[in-house]
Amino acid sequence: MIGVAGGGDSRGRVTVRDVALTFRRADGPLHALDGVSLDVAPGEVVALIGPNGSGKSTLLRVIAGLLAPDRGGVAVDDRPVTRPDPTVGLVFQEPRLLPWRSVAGNVRYPLELAGWSHARREARLEELLALVGLEGAAGVRPSQLSGGMRQRVALARALALQPRVLLLDEPFSALDALTRERLNVELLALWSRTATTGIVVTHSIPEAIFLADRVVVLSARPGRVLADLPVGLPRPRAMSTLDEAVVSPLARAVRAHLEPVAA
């Protein structure tokens, strides 16, 4: 488990209890989740993995307060999640940056909405750009950035209000393999500095093992928890750890749970 900054800070506990959700569509109901329960400890990183349509992204949106479940519920630090909460940050697969705003303008945006003073915004902006390695790009527009740099901006924006929980929905899946590997290493370093609880969706078994303290495998639709597997790798982790994760016993265990689903 990633250590909690400052010691003794227990914020960021996520509790998911018996969550079920069905989308009502013109061509019939789509059962996305059915009875999902999950506990994530403060400072812990959990990876969600499963086949397409298993409800991984839907579950993130329920935790973020963007979707209301039909049954069950979610709590962060024992507070029920009923709407979007600034203590929960969400990074989508696409960065979703405002193209007319600079890097600084995108990162400042949630601070402006929260009513932070100019001086406080600028101080926090400086911290965030340093955190994601974009100190020299404050005035650049998103169209001038690489895909990896745009996702760094999205990460900084999601962290702007110092969330207790950071949700990531395949944030690096559209990037080339080398950039993705480098950003995974940087993401771990970022988590170690912020002590934020993390839940990350991925289709990559090695990536799930590399990033997480536990790997939770979801079934095909409707999503249910098939397995909750601890990752026994010590931290800090390096690129060589990612290579080892490909052929590890845990990778074989995850595949064993996924293969009946894909069959």
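Values in this document were obtained by computation on a predicted structure and should not be read as measured data.
Asp85 places a side-chain N or O within 3.5 Å of a backbone atom of Thr87 that can act as its donor or acceptor partner. Although no hydrogens or angles enter the test, the distance criterion places a donor-acceptor pair under 3.5 Å between the side chain of Asn106 and the main chain of Leu98. Thr197 places a side-chain N or O within donor-acceptor distance of the main-chain N or O of Gly12, the cut-off being under 3.5 Å. Although no hydrogens or angles enter the test, the distance criterion places no donor-acceptor pair under 3.5 Å between the side chain of Arg221 and the main chain of Ala32. The backbone N or O of Pro222 sits less than 3.5 Å from a side-chain atom of Ser219, completing a donor-acceptor pair. Panel note: side chain Arg17, backbone Val74; no donor-acceptor pair is recorded below 3.5 Å. Under the 3.5 Å distance criterion, the side-chain polar atoms of Trp191 are left unmatched by any main-chain donor or acceptor of Val45. At distances below 3.5 Å, not a single donor-acceptor pair connects side-chain atoms of Asp213 with backbone N or O atoms of Glu44.
At a threshold of 4.0 Å, the pair Asp169-Lys56 does not count as salt-bridged, since none of the basic side-chain nitrogens sits closer than that to a carboxylate oxygen. Remark: Arg224 engages Asp34 in a salt bridge, criterion side-chain N to carboxylate O under 4.0 Å. For Asp18 and Arg71, the salt-bridge test passes: some basic side-chain N is under 4.0 Å from an acidic carboxylate O. Between Asp77 and Arg79, no side-chain nitrogen of the basic residue sits less than 4.0 Å from a carboxylate oxygen of the acidic one, so the salt-bridge criterion is not met. One finds no salt bridge joining Arg121 and Glu126 here, because no Lys/Arg side-chain nitrogen approaches an Asp/Glu carboxylate oxygen to under 4.0 Å.
No chain of hydrophobic side-chain contacts below 4.5 Å, direct or via other Ile, Leu, Val, Met, Phe, Trp or Tyr residues, connects Leu113 to Leu97.
Residue pairs that meet the side chain to side chain donor-acceptor pair (under 3.5 Å) test with at least one member in residues 137-151, sequence neighbours left out, do not exist here.
Here the shortest heavy-atom pairing between Leu211 and Arg237 reads C-NH1, 3.8 Å.
Taking 4.5 Å as the limit, some side-chain heavy atom of Arg152 sits within range of a side-chain heavy atom of Glu186. Using a 4.5 Å heavy-atom cutoff, the side chains of Val231 and Leu229 are not in contact. A heavy-atom distance below 4.5 Å is not found between the side chains of Val225 and Ser37. The side-chain heavy atoms of Leu233 and Phe210, taken from C-beta on, include no pair separated by under 4.5 Å.
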Working for salt bridge (Lys or Arg N to Asp or Glu O under 4.0 Å), residues Asp78 and Arg13: CA-CA 8 Å; Asp78 299 321; Arg13 182 178 303 280; 5.9 Å; no

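Results of the side chain to side chain contact (heavy atoms under 4.5 Å, CB included) test with Val16 over Asp39, Leu33, Ile63 single out Ile63 as the only residue that passes.
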